[in-house]
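Throughout, a chain's letter reflects where its sequence line sits, starting with A, and its residues are numbered from 1.
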Amino acid sequence: MIHTSSMPLTKEQIAQRIARELKHGFYVNLGIGIPTLVANYIPAGVDVVLQSENGLLGMGPFPTPDKVDPDLINAGKQTITTINGSVFFDSAASFGMIRAGKVDLTVLGAMEVSDQGDIANWKIPGKMVKGMGGAMDLVASARNIIVAMLHTNPKGESKLLSHCALPLTGVRCVKKVVTDLAVLDITPDGFLLRERAPGVTVEEIQAKTAGKLLVPSEVPEIVL
Amino acid sequence: MNKVVRGPDEAIYDIHDGATLMLGGFGLCGIPENCIAALVKKGIKNLTCISNNAGVDDFGIGLLLQQKQVRKMISSYVGENAEFERQLLSGELLVDLIPQGTLATRCLAAGYGMPAIYTPAGVGTEVAEGKEVRNFKGKDYLLEYAFDADFAIVKAWKGDTMGNLVFHATARNFNPLMAMAGKITIAEVEELVPVGSLDPDSIHTPGIYVHRIFEGKNYQKRIEQLTISQP
């Protein structure tokens, strides 16, 4: 039941909220979809370096038409640019720095997240399987993983579960989930509701969260 | 020492039906366009291709798929190709999907003379099925084997006649790793330069790994996702 004055976050606002988790000096890997939008909201004065797992540290904005280089793309295969301090390397070095825990924060999308921090985002049985790309490497090694996704699927069913039904990408790895309705930390005891979207009630979030949800006495609204 | 061959047809002359090939590139970025065209022309079949992606319908490895030359793909992501999907669903094509970092590091291991690696990628997922798991310092890792490829085909920006290679920007990707990993490595380059003209400090792939080299022609360098900022 959606409250008439409730204001679920747009995808851009989910990205904007996640951008507030960026700390000065972070190396950050942003996945495809909502996570890519996080780059548009990096707070002023926060200096972060974006890693693209095909082999680049220091990803710059999209090029102007005269600066397009087919040899310079990101992991989403979009044309991009370098910035001062950018460096190229091969894909083994790229996943080496990921595996070694050098990337401070990974943001990625998900189809399902469990209250234990499991994530499923690569395969729907019975549908064409495109592959996991770098997602399994990232979630197996990243020190801090934030998932950006909508709280429910198009049928209105919760994507925050006690156990993922879809094939897993990684186990017990997600630390935080930011949805259109809420910000939740993953704790040993389940999802901990930290913030709610403006006007969205705790009851609505409870109704749309199938996994175990811990609700503190105070749940502030998300401030963007 | 001179490893220069006349062109792609000579470079791939002994690639046979049933061979296992590594093909460099990420998406359509840094793919060996000339050698792929020569493989299509030669018409050899039943290939196993190790490549991060499988091209698009009318370019890259997609051209080999169109001619039904590929029996098996070993890739991390294969999303952009309708003919690929058709062959997969009909059972004509086998696909082994593996994590991208595992793919890269299995190439690295082959080039470094190591039989296997341990990686946490895929622990607790279906990727781990049937694999040895070992715990180091409280964390589980999967044993993954080095690749064993008959040929590696890579694309570089510059190369000299001894086979030393330099890559450009993110077209580097899997190319130097696969260059190290083939029993026979074929490099096509945009610019073939005389030996001595590359800065030894700036060479990415030492020529010891490269067996044949030629200057490619007519690179299309197709872009999959053109994204631009307004000036």
Side-chain angles (χ1 to χ4, degrees), chain A residues 32 36 52-56 59-82 86 88-99 118-120 122-123 128-141 167-173, chain B residues 26-30 52-53 75-80 84-85 88-89 95 97-109 111 119-127 139-141 157 167-177 204 219-231:
Chain A
I32 293 164
T36 304
S52 188
E53 65 267 25
N54 52 321
L56 169 63
M59 179 164 55
F62 297 146
T64 52
D66 57 314
K67 292 283 195 297
V68 170
D69 179 352
D71 287 343
L72 181 46
I73 63 171
N74 63 17
K77 298 169 184 123
Q78 298 171 311
T79 47
I80 48 159
T81 54
T82 53
S86 288
F88 299 115
F89 33 84
D90 65 57
S91 299
S94 182
F95 284 96
M97 62 186 73
I98 288 166
R99 207 179 292 118
D118 298 347
I119 176 172
W122 76 283
K123 181 175 184 179
M128 169 66 186
V129 180
K130 294 187 169 187
M132 66 291 281
M136 282 192 184
D137 307 274
L138 282 158
V139 301
S141 297
L168 293 177
T169 307
V171 293
R172 295 174 183 264
C173 53
Chain B
F26 177 85
L28 300 178
C29 182
N52 190 57
N53 311 91
S75 304
S76 84
Y77 190 83
V78 293
E80 325 296 344
F84 181 98
E85 183 171 350
L88 177 61
L89 295 174
V95 178
L97 291 170
I98 62 177
Q100 192 176 336
T102 301
L103 178 63
T105 314
R106 289 175 67 189
C107 296
L108 184 82
T119 176
V123 168
T125 76
E126 62 187 57
V127 165
K139 182 167 175 165
D140 285 340
Y141 295 79
W157 177 40
F167 302 90
H168 172 55
T170 57
R172 191 183 314 185
N173 55 63
F174 288 85
N175 281 300
L177 304 167
H204 298 128
Y219 282 103
Q220 292 189 34
K221 294 196 180 187
R222 284 204 207 168
I223 293 171
E224 276 182 84
Q225 306 278 345
L226 180 63
T227 43
I228 54 173
S229 305
Q230 290 315 312

[X] [atom1] to [Y] [atom2] distance, which is reported to the nearest 0.5 Å:
X        : Y        : atom1 : atom2 : result
B/Lys139 : A/Ser141 : NZ    : OG    : 4.5 Å
B/Ser76  : A/Lys130 : OG    : NZ    : 13.0 Å
B/Thr125 : A/Trp122 : OG1   : CH2   : 7.0 Å
B/Ile228 : A/Asp66  : CD1   : CG    : 10.0 Å
B/Phe26  : A/Ser94  : CZ    : OG    : 9.5 Å
B/Gln225 : A/Ile80  : CD    : CD1   : 13.0 Å

Is [X] in contact with chain B via its backbone, its side chain, both, or neither, using a 4.5 Å heavy-atom distance?
X        : value
A/Val129 : both
A/Phe95  : side chain
A/Asn74  : backbone

Exercise for the section: State, to 0.1 Å, how close A/Leu168 and B/Gly124 come at their nearest heavy-atom pair, and which atoms those are. Expected result: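 Here A/Leu168 and B/Gly124 meet closest at CD1-O, 3.7 Å.
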Would you mind checking which part of [X] comes under 4.5 Å of any heavy atom in chain A, side chain (CB onward), backbone (N, CA, C, O), both or neither?
X        : value
B/Gln230 : backbone
B/Ile223 : side chain
B/Leu103 : neither
B/Val95  : neither
B/Phe167 : neither

Can you confirm whether [X] sits close enough to [Y] that some side-chain heavy atom of one is under 4.5 Å from a side-chain heavy atom of the other?
X       : Y        : result
B/Leu97 : A/Lys123 : no
A/Asp90 : B/His204 : no
B/Asn53 : A/Lys77  : yes
A/Arg99 : B/Tyr141 : no

Exercise for the section: Kindly indicate, with the supporting measurements, whether the criterion side-chain hydrogen bond (donor to acceptor under 3.5 Å, both in side chains) is fulfilled by A/Thr79 and B/Thr227. Expected result: CA-CA 5 Å; A/Thr79 47; B/Thr227 43; 3.1 Å; yes
Handout entry: Greatest number of heavy atom pairs closer than 4.5 Å to chain A - which of B/Ala121, B/Gly101, B/Pro176, B/Ala104
Key = B/Gly101
Sort out for me which of [options] touches chain B most, counting heavy-atom pairs under 4.5 Å.
options                             : value
A/Pro61, A/Ser91, A/Pro167          : A/Ser91
A/Thr169, A/Ile98, A/Ile73, A/Leu56 : A/Ile73
A/Gly55, A/Pro65, A/Pro70           : A/Pro70

Practice task
Report yes or no: does B/Thr170 contribute a side-chain atom to a donor-acceptor pair with the main-chain N or O of A/Asp71 at less than 3.5 Å?
Solution key: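 Yes, the answer is positive, given that a donor and an acceptor are paired below the 3.5 Å cut-off.
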Handout entry: Backbone of B/Gln100 reached by a side-chain donor or acceptor of A/Asp137 within 3.5 Å
Key =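 Judged by distance alone, yes, a pair lies under 3.5 Å.
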Problem - B/Lys221 atom NZ: more than 12 heavy-atom contacts under 6.0 Å - result: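 Counting neighbours around NZ of B/Lys221, more than 12 heavy atoms of other residues, nucleotides or ligands fall under 6.0 Å, so yes.
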Exercise for the section: Assess whether side-chain contact (heavy atoms from CB on, under 4.5 Å) is satisfied between B/His168 and A/Asp69, documenting all intermediate values. Expected result: CA-CA 10 Å; B/His168 172 55; A/Asp69 179 352; 2.8 Å; yes
Problem - Pair A/Met136-B/Thr102, side-chain contact (heavy atoms from CB on, under 4.5 Å): steps then yes or no - result: CA-CA 9 Å; A/Met136 282 192 184; B/Thr102 301; over 6 Å; no
